[in-house]
Number of protein chains: 2
Amino acid sequence: MTDTLAPRRRPTIRDVAQHADVNASTVSRALNPDTRHLLGEEVVKRVLESARHLGYRPNKAAAALRGGRSHLIGMLLPDITNPVFPPIVRGLEEELRGHGFSVMVASSGGNSAEQDQLLERMMGSMVDGLVIATASRQDYLVQRCLQENMPAVLVNRGEDARHVPEVVNDDFLSMKLAVDHLLALGHACIAHLSGPARLATGAGRSLGFRLAMEAADAEGIELACAEFTREAGALACAALLDRHAGITAIVAANDLIALGCYDTLKARGLRCPQDISIIGHNDMPLVDMLDPPLTTLRIQHLEMGRQAARLLLNHLQNPGTTPVRITLAPQLMARGSTAPPARRHNPATG
Amino acid sequence: MTDTLAPRRRPTIRDVAQHADVNASTVSRALNPDTRHLLGEEVVKRVLESARHLGYRPNKAAAALRGGRSHLIGMLLPDITNPVFPPIVRGLEEELRGHGFSVMVASSGGNSAEQDQLLERMMGSMVDGLVIATASRQDYLVQRCLQENMPAVLVNRGEDARHVPEVVNDDFLSMKLAVDHLLALGHACIAHLSGPARLATGAGRSLGFRLAMEAADAEGIELACAEFTREAGALACAALLDRHAGITAIVAANDLIALGCYDTLKARGLRCPQDISIIGHNDMPLVDMLDPPLTTLRIQHLEMGRQAARLLLNHLQNPGTTPVRITLAPQLMARGSTAPPARRHNPATG
């Protein structure tokens with residue numbers, strides 16, 4: 001179908017030149033406020049009238065081709081329907097807007113071929129820089145940006161090699177806050193439903209969980225979810241409960257996985273927090289209004305977007321600077337989904 | 001700050017020509033699979049090696065300037081953090097991807113100057129068409145698209161004059177389903193917290209509410225919210241309860257306004273649904289998991305995005321066709337926030 005679509009015709013600088021009966025270079029000069037004074041007043045007036053009449057507009061892409069800036073920043077998301085990302089985008093937009101840049105967001109649906117194509121199209125439409133929220137720990141897009149000399153910043157998910165600047169949450173601190181909260185409530189048998197290990201958020205929270213449990217001389221159980229989704233969380237929670245009957249608390253690697261735990265508990269007639277306490281991660285919108293309200297780690301999403309904007313602007317100004325990693329501190333939001341464990345009889349707690 | 005940013009340099013076709021020691025036109029032919037056969041094998045090989053060595057990539061924006069297509073569709077949102085929009089974007093992406101197009105999303109934060117600038121930048125980066133979710137009933141952006149001969153489709157919010165194709169929810173049907181549900185439960189004193197009248201969704205649902213009440217020979221109370229937000233909903237709900245003590249049910253113009261009603265009821269020690277039943281609109285993610293789960297009208301968001309994609313593709317193929325309005329049917333999701341009214345004493349019912 002694509003091939004049968006007829007190209008749209010828009011007026012060019014040559015059309016304006018013909019209409020105003022001048023050279024194309026005269027049109028360029030007349031349309032540019034910086035060079036307009038080089039021409040006679042009458043010529044400028046005639047060119048502007050022709051441009052208006054024909055509906056001509058100066059082309060940003062053309063300007064960008066000539067070596068200027070488009071003032072567009074591209075942002076790549078894995079999935080626009082994951083509520084983690086919109087507040088990051090908003091923070092990015094707010095900060096960049098103040099410097100005259102706009103943001104265009106594209107999501108790949110987790111499809112790597114689509115991701116590559118989006119990257120090429122964004123570069124092709126002359127974005128000045130990219131903010132990448134799709135990064136895996138070894139990321140192909142980052143390689144492409146480096147090859148193309150395209151300024152890029154990672155947000156939310158970092159990369160192991162740290163080739164480009166990044167803004168991430170302190171996942172070790174998150175897990176320490178979560179584990180300490182549960183231990184303080186009296187839980188002894190705590191499990192972590194981790195995210196995919198290929199993503200920095202999955203691997204980092206998993207390691208953070210183990211370190212936090214070790215620091216408290218406690219032993220944790222861990223099971224990985226295939227994806228950071230509610231469905232994957234429900235499946236993993238079911239497998240966890242089948243294998244480890246004594247669990248009294250679950251640290252989910254994100255809120256969607258925690259919601260999957262809610263689903264599985266409900267399906268099995270188990271109550272949260274009476275039977276099992278659950279902690280999420282991210283504090284996405286509305287989880288404070290759930291039944292029960294979800295205890296979770298609040299990420300500084302807006303700030304993450306703002307910081308990413310600043311890193312990118314800095315990168316545009318000073319291309320040679322060392323890529324830094326900025327880590328933001330999470331905050332425990334203790335709500336109704338965590339409580340002291342019930343003194344029920346089960347194989348693990350006696 | 002913007003002005004001090006140095007332009008990024010990327011290799012041009014001339015750099016490749018110089019490196020391979022051929023003419024620029026030879027480079028063009030060698031890089032284009034359709035014309036490559038016109039050249040000798042050795043020359044093609046040399047050009048491709050030079051291009052790879054220099055990191056040259058064919059420029060989509062340049063191709064678009066020469067009259068081709070960018071295969072990019074721009075989408076304008078009022079606010080990326082409003083959960084109504086991500087599923088619409090996803091439906092749009094899915095359908096367009098099947099036809100070789102990608103979507104770039106930008107949100108204006110409800111700021112009309114920013115909206116204009118985003119439109120200009122999207123046109124400047126040579127999008128092939130636009131999907132507009134920000135429309136007011138008389139919309140300036142639509143005027144600009146018509147002037148510029150830029151294919152555009154409205155989604156979620158329509159325009160009074162119907163200059164361009166649109167895909168919207170059937171708001172009259174929504175309100176009929178909501179009102180009939182409440183009447184069937186036995187409510188006699190029903191209020192509508194409407195959205196802004198400048199938006200088609202605000203005005204349409206308000207008119208739909210009045211028509212549905214009239215059809216049932218019932219009299220409704222209406223109060224407008226300043227915005228489609230939780231905060232505006234909470235304020236309007238408070239004003240409503242102050243003025244009309246006898247209300248037993250509220251039809252909110254969207255879910256965020258309904259959440260604002262939850263907040264106000266909670267702050268005043270009123271229970272939902274025992275004291276006041278509440279219906280939302282949109283069925284955004286997680287409202288089924290709230291306490292109480294929100295009764296609401298489910299909009300076909302994914303389908304809305306898909307239909308918008310088809311309208312736009314059709315518009316690209318047949319620029320002259322009549323702009324149609326596609327209306328999708330909503331579905332009542334009856335949940336815990338609506339119940340028969342309590343037989344309490346109050347000025348209106350007692």
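Predicted model, so just to flag it, every value in this text is computed and none were measured. Side chains are part of it too, since the values below use all heavy atoms of this structure and drop only hydrogens, waters and symmetry mates. The chains referred to below are lettered A, B, ... by the order of the sequence lines, with proteins before strands, and numbering in each begins at 1.
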Portion of B:Asp288 that has a non-hydrogen atom of chain A nearer than 4.5 angstrom: side chain
At a 4.5 Å cut-off on heavy atoms, which part of B:Leu290 comes close to chain A: side chain, backbone, both, or neither? both
For chain B, which residues from residues 254-261 of chain A have at least one heavy atom closer than 4.5 Å to it? A:Leu259
Segment of B:Met284 engaging chain A (4.5 angstrom heavy-atom cut-off): side chain
Contacting region of B:Glu93 [heavy-atom separation from chain A under 4.5 Å]: side chain
Could you pull out all residues at least two apart from A:Glu114 that satisfy salt bridge (Lys or Arg N to Asp or Glu O under 4.0 Å)? B:Arg97
Pair count under 4.5 Å, heavy atoms only, with chain B: among A:Ser102, A:Ala106, A:Pro83, highest is A:Ser102
Qualifying residues under side chain to side chain donor-acceptor pair (under 3.5 Å), relative to A:Glu303, sequence neighbours excluded: A:Arg306, A:Gln307
Hey, could you give me the OG/CE distance between A:Ser107 and B:Met104, rounded to the nearest 0.5 Å? 12.5 Å
Side chains of B:Ile80 and A:Ile80 in contact at under 4.5 Å (non-hydrogen atoms): yes
Would a distance-only check, ignoring hydrogens and angles, find a side-chain to backbone donor-acceptor pair under 3.5 Å from A:Arg121 to B:His71? yes
At a heavy-atom separation under 4.5 Å, does B:Tyr262 approach chain A through its side chain, its backbone, both, or neither? side chain
Inter- and intrachain pairs under salt bridge (charged side-chain N to carboxylate O under 4.0 Å, His left out), touching residues 78-89 of chain B, at least two apart: A:Arg90-B:Asp79
Candidates B:Val287, B:Asp291, B:Asp263, B:Leu286 - the one meeting side-chain contact (heavy atoms from CB on, under 4.5 Å) with A:Met289: B:Asp263
Turns out that what part of B:Pro285 lies under 4.5 Å from chain A's heavy atoms comes down to backbone
